[in-house]
Amino acid sequence: MYANIIVDISHEQLDRTFQYRVPKDMENILEVGSQVVIPFGKGNRRITGYVIELTEKAEFDENRIKEICSIEQQAVAVESQMIRLAAWIRHQYGSTMIQALKTVMPVKEKVKSVEKTFYHLEVSKTQAEAILEEARRKHFSARVRFLEALLEEEILSREIAVKQLHITAATIHPLIELGIIREEKEIAYRGGMQKYDSEHKKISLHERQKQIVNDICRRYDSEDFKPCLIHGITGSGKTEVYMEIMEHVIAKGKSVIVLIPEIALTYQTVMRFYKRFGNRVSLVNSRLSAGEKYDQFMRAKRGEIDIMIGPRSALFTPFSNLGLIVIDEEHENAYKSEYMPRYHARETAIERMKISGGMVIMGSATPSMEAYFRAQTGEYRLYQMDRRASKGSELSAVHVIDLREELKNGNKSIFSRTLHEMICERLSKKEQVILFLNRRGYSGFVSCRQCGKPIGCPHCDVSLTAHRNGRLVCHYCGYQIPMPKVCPSCHSPYIAGFGLGTQKVETLAAAAFPGARILRMDMDTTSKKGSHEEILSRFAAGEADILVGTQMIVKGHDFKNVTLVGILAADMSLYAGDYKSSEKTFQLLTQAAGRAGRGEKHGDVVIQTYTPEHYSIQMAQRQDYEGFYKQEMMYRKMLKYPPAGFLLQLLLTSPYEEKAKNLINEYAALIQKQYNGMIDTIGPVDAPISKIKDTYRKLLYMKSNRMEWLIEAKDLIETKFQEDTLGRSASIQFDFN
Ligand code: ADP
Ligand code: ZN
Ligand code: ZN
């Protein structure tokens with residue numbers, strides 16, 4: 001037996017492995033991740049390395065392969081844990097070991113200290129408040145934002161002022177010159193947050209929160225580490241629960257990772273953790289450079305911090321004493337990696353805690369079908385919270401408007417009469433409105449404006465997608481028809497795509513509500529880093545009456561003055577052409593509805609739709625998660641879609657179409673033969689985008705009752721592929737569920 005070993009994992013060249021012989025007496029104890037001592041180089045200097053692969057194949061002349069000296073059994077270094085995690089990722093999701101290692105280990109880059117700038121108040125709080133009042137009167141909105149934050153926090157780093165609050169030198173310098181604030185410099189690590197000593201006022205938990213905290217902490221103490229799922233409506237106080245449990249875990253000398261999707265990772269959210277845990281918290285996000293992220297990871301490794309907050313990749317923070325991973329908004333798509341290896345943060349977090357001994361706590365107002373299913377089967381422990389935490393903040397009333405009726409009554413505008421009236425009323429009361437355009441997974445489906453039915457695939461129960469050549473295509477099985485002239489169900493000629501964009505909505509809203517101040521937030525307005533947050537904070541500060549946006553606006557901000565949310569075309573995501581469309585629609589509608597009435601005032605939600613009878617819309621109206629889950633699960637079971645079964649997608653790409661076709665057909669046949677009765681294959685078909693940069697893209701779907709069979713099938717195809725394509729003229733990618 002031979003071991004492939006890496007000797008320096010902080011090195012840029014993770015791919016550099018060295019092969020050693022495994023002595024007989026080590027064969028049974030050596031495993032992937034083991035820390036070993038090896039003779040290295042010409043002088044056989046003794047150095048430490050890590051086993052990343054065990055194999056029976058010698059990579060060069062057997063007689064020249066040196067032997068491992070010894071194995072370090074005491075120290076379970078964090079590196080060993082991460083290598084084991086990488087091996088699991090490779091096995092579970094399909095990729096090379098190197099790709100998996102690069103995913104779990106940040107590569108070292110040159111570290112350079114930078115000078116940090118901080119701002120303090122130079123005047124008393126009372127004086128500062130008077131200045132703030134004056135700024136408000138004069139509508140100096142940047143100055144207002146800056147002073148409000150300073151009054152709250154006492155110290156602000158330049159980074160936060162500039163990147164999060166969008167304050168520029170034009171605002172800062174006059175304040176320094178007037179002696180209202182003072183500037184200070186300090187050498188610091190790059191990135192991360194700086195210390196504050198603002199005193200944190202602890203909220204006293206309500207009864208339900210206490211029960212959950214006590215139960216989880218008690219189980220934690222007895223090392224019952226079953227993953228927990230907290231299903232709690234928006235505003236029910238989940239975050240307070242996480243923080244309480246985190247405190248408990250940290251008191252035991254452990255550290256914690258908190259995953260929050262990037263779009264919900266706002267200043268407001270981060271501040272809550274920061275106020276509670278002070279400078280033992282660090283933050284990584286996509287705005288940090290690779291070097292900055294590396295610095296923060298090294299601080300974690302040295303034990304300088306207890307908590308790391310960040311999106312998906314924060315999962316790999318190298319804490320050596322990790323005791324808890326919290327995953328907020330567990331249902332978010334962003335938890336699935338879009339690059340190889342296409343790991344899911346939920347499953348990977350659970351595996352990481354299995355390796356290091358600790359718990360995973362997930363929370364959501366609308367748990368994913370997978371998580372809730374596992375909670376039902378007892379694999380996760382389920383906790384429910386069904387009331388809002390702060391007093392006087394009640395759930396909003398949800399109204400569903402049938403757009404077919406509006407059309408019948410001659411209203412061709414995008415605003416139903418109800419929504420129009422409600423917006424006018426809010427504007428007159430100086431309350432705020434969010435208009436939400438649901439474009440998630442918008443795939444160019446075609447539907448009937450009279451009967452509301454989309455044109456679907458007779459074989460797969462997903463909607464067909466309009467292609468530029470005028471044909472409608474199923475993305476799962478390849479079924480195609482020419483664009484029909486009349487609706488197949490009711491024969492009306494009003495069939496059309498759903499091509500409404502946010503910009504159009506903004507224009508139409510400006511025309512319908514003259515004088516209203518409108519802000520827009522979508523991919524176009526937020527392509528610049530930080531602009532997303534800027535729009536949200538401007539809206540929160542009352543700089544506009546109406547915010548128009550896509551799914552980005554539904555997360556991470558508490559808008560106290562928003563009392564109306566209008567969802568313009570709820571159906572859009574219903575026909576996204578994948579098996580999760582109903583789930584995503586229900587989640588989006590429920591989350592959007594949760595945005596209204598978070599303050600003291602009563603909130604309304606208007607859902608406009610062509611299919612008011614659809615269960616995901618009905619259940620969202622009733623805010624009935626349980627009801628939705630039951631109905632959706634029936635559908636998943638019937639069609640064996642996850643979580644009732646398992647699904648594997650194989651993507652094969654090649655610049656030679658013939659080759660791509662032959663290979664994927666060959667694999668389909670192979671799986672049909674070897675896994676007859678165990679795995680169903682669907683396709684092969686062209687990918688939705690069938691060619692990118694002259695590379696052809698083919699898909700094969702495999703469905704099974706058992707995940708292990710799909711993993712085996714993946715390994716089989718992988719092996720076969722390596723034998724087939726010596727010329728590297730094709731590549732493959734796997735995607736589970
Ligand atoms: P979630 O994470 O479920 O959306 P949060 O923890 O953010 O809920 O709580 C929603 C709001 O209610 C926050 O403003 C929070 O400060 C407040 N809150 C939470 N728990 C309590 C409590 N026990 N008493 C008073 N207010 C609370
Ligand atoms: Zn019709
Ligand atoms: Zn089909």
Side-chain angles (χ1 to χ4, degrees), residues 148 152-153 198-217 228-248 256 258-261 263-277 281 307 309 311 324-332 335 360-368 371-372 382-396 434 536-537 540 551 553-563 565 587-601 603 605 623 625:
E148 275 176 349
E152 179 117 326
E153 318 295 348
S198 87
E199 193 183 299
H200 143 250
K201 288 169 228 81
K202 208 163 147 180
I203 287 179
S204 65
L205 297 184
H206 59 68
E207 223 25 66
R208 186 65 192 133
Q209 285 172 318
K210 273 190 217 151
Q211 282 168 2
I212 298 177
V213 168
N214 290 344
D215 195 65
I216 294 181
C217 290
C228 297
L229 173 64
I230 302 177
H231 173 211
I233 59 166
T234 319
S236 59
K238 296 184 291 297
T239 309
E240 292 298 324
V241 169
Y242 305 149
M243 292 198 290
E244 199 71 20
I245 299 169
M246 286 162 64
E247 204 158 278
H248 181 82
V256 181
V258 182
L259 300 185
I260 297 178
I263 56 167
L265 205 55
T266 55
Y267 174 73
Q268 250 185 1
T269 316
V270 174
M271 260 324 165
R272 276 177 78 182
F273 286 94
Y274 204 59
K275 280 186 191 160
R276 175 101 172 224
F277 298 103
V281 179
I307 301 173
I309 303 176
L324 175 68
I325 301 177
V326 173
I327 308 180
D328 193 27
E329 310 280 4
E330 162 282 323
H331 63 279
E332 271 292 320
Y335 285 130
V360 174
I361 298 178
M362 298 159 268
S364 172
T366 52
S368 63
Y372 207 71
L382 181 65
Y383 297 92
Q384 309 266 10
M385 288 169 85
D386 41 28
R387 294 240 302 277
R388 280 196 171 164
S390 45
K391 286 204 188 62
S393 163
E394 288 305 317
L395 282 184
S396 337
I434 289 179
L536 291 178
S537 30
Q551 39 269 43
I553 61 181
V554 309
K555 293 279 151 54
H557 249 265
D558 232 359
F559 301 109
K560 298 261 188 290
N561 198 33
V562 170
T563 57
V565 171
Q587 285 167 350
L588 276 172
L589 298 184
T590 311
Q591 300 268 355
R595 291 289 108 195
R598 299 216 43 180
E600 312 253 291
K601 298 167 202 150
V605 179
Q623 311 256 310
Y625 178 85

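First listed ligand is number 1; within each ligand, the first listed atom is number 1. Numbers here simply count residues along the sequence, with the first being 1. Only a predicted model underlies this, so the values are computations on that prediction, with no experimental measurement involved. Only heavy atoms go into these numbers, but all of them, side chains included; no hydrogens, no water, no symmetry mates.
- Taking the side chain as every heavy atom from C-beta outward, V258 and Y242 never approach each other to under 4.5 Å.
- In plain terms, the two heavy atoms of L259 and P311 that are nearest each other are CD2-O, 3.6 Å.
- Heavy atoms of R272 come nearer than 4.0 angstrom to ligand 1 in at least one pair.
- For ligand 1, the polar-atom distance check against K560 finds no nitrogen or oxygen pair separated by under 3.5 Å.
- Close to ligand 1: S236, with a non-hydrogen atom less than 4.0 angstrom away.
- Distances between N or O atoms of G237 and those of ligand 1 include at least one value under 3.5 Å.
- Ion pairing between R276 and E244 holds under the 4.0 Å rule for side-chain N and carboxylate O.
- At under 3.5 Å, not a single nitrogen or oxygen of I203, backbone or side chain, sits near a nitrogen or oxygen of ligand 1.
- Here the closest heavy-atom approach between residue D386 and residue I233 is recorded as O-CD1, 3.7 Å.
- The shortest separation from a heavy atom of S204 to ligand 1 is under 4.0 Å, placing the residue in contact.
- Using a 4.5 Å heavy-atom threshold, the side chains of E332 and E330 count as separate.
- Residue contact annotation: V241 has no non-hydrogen atom under 4.0 Å from ligand 1.
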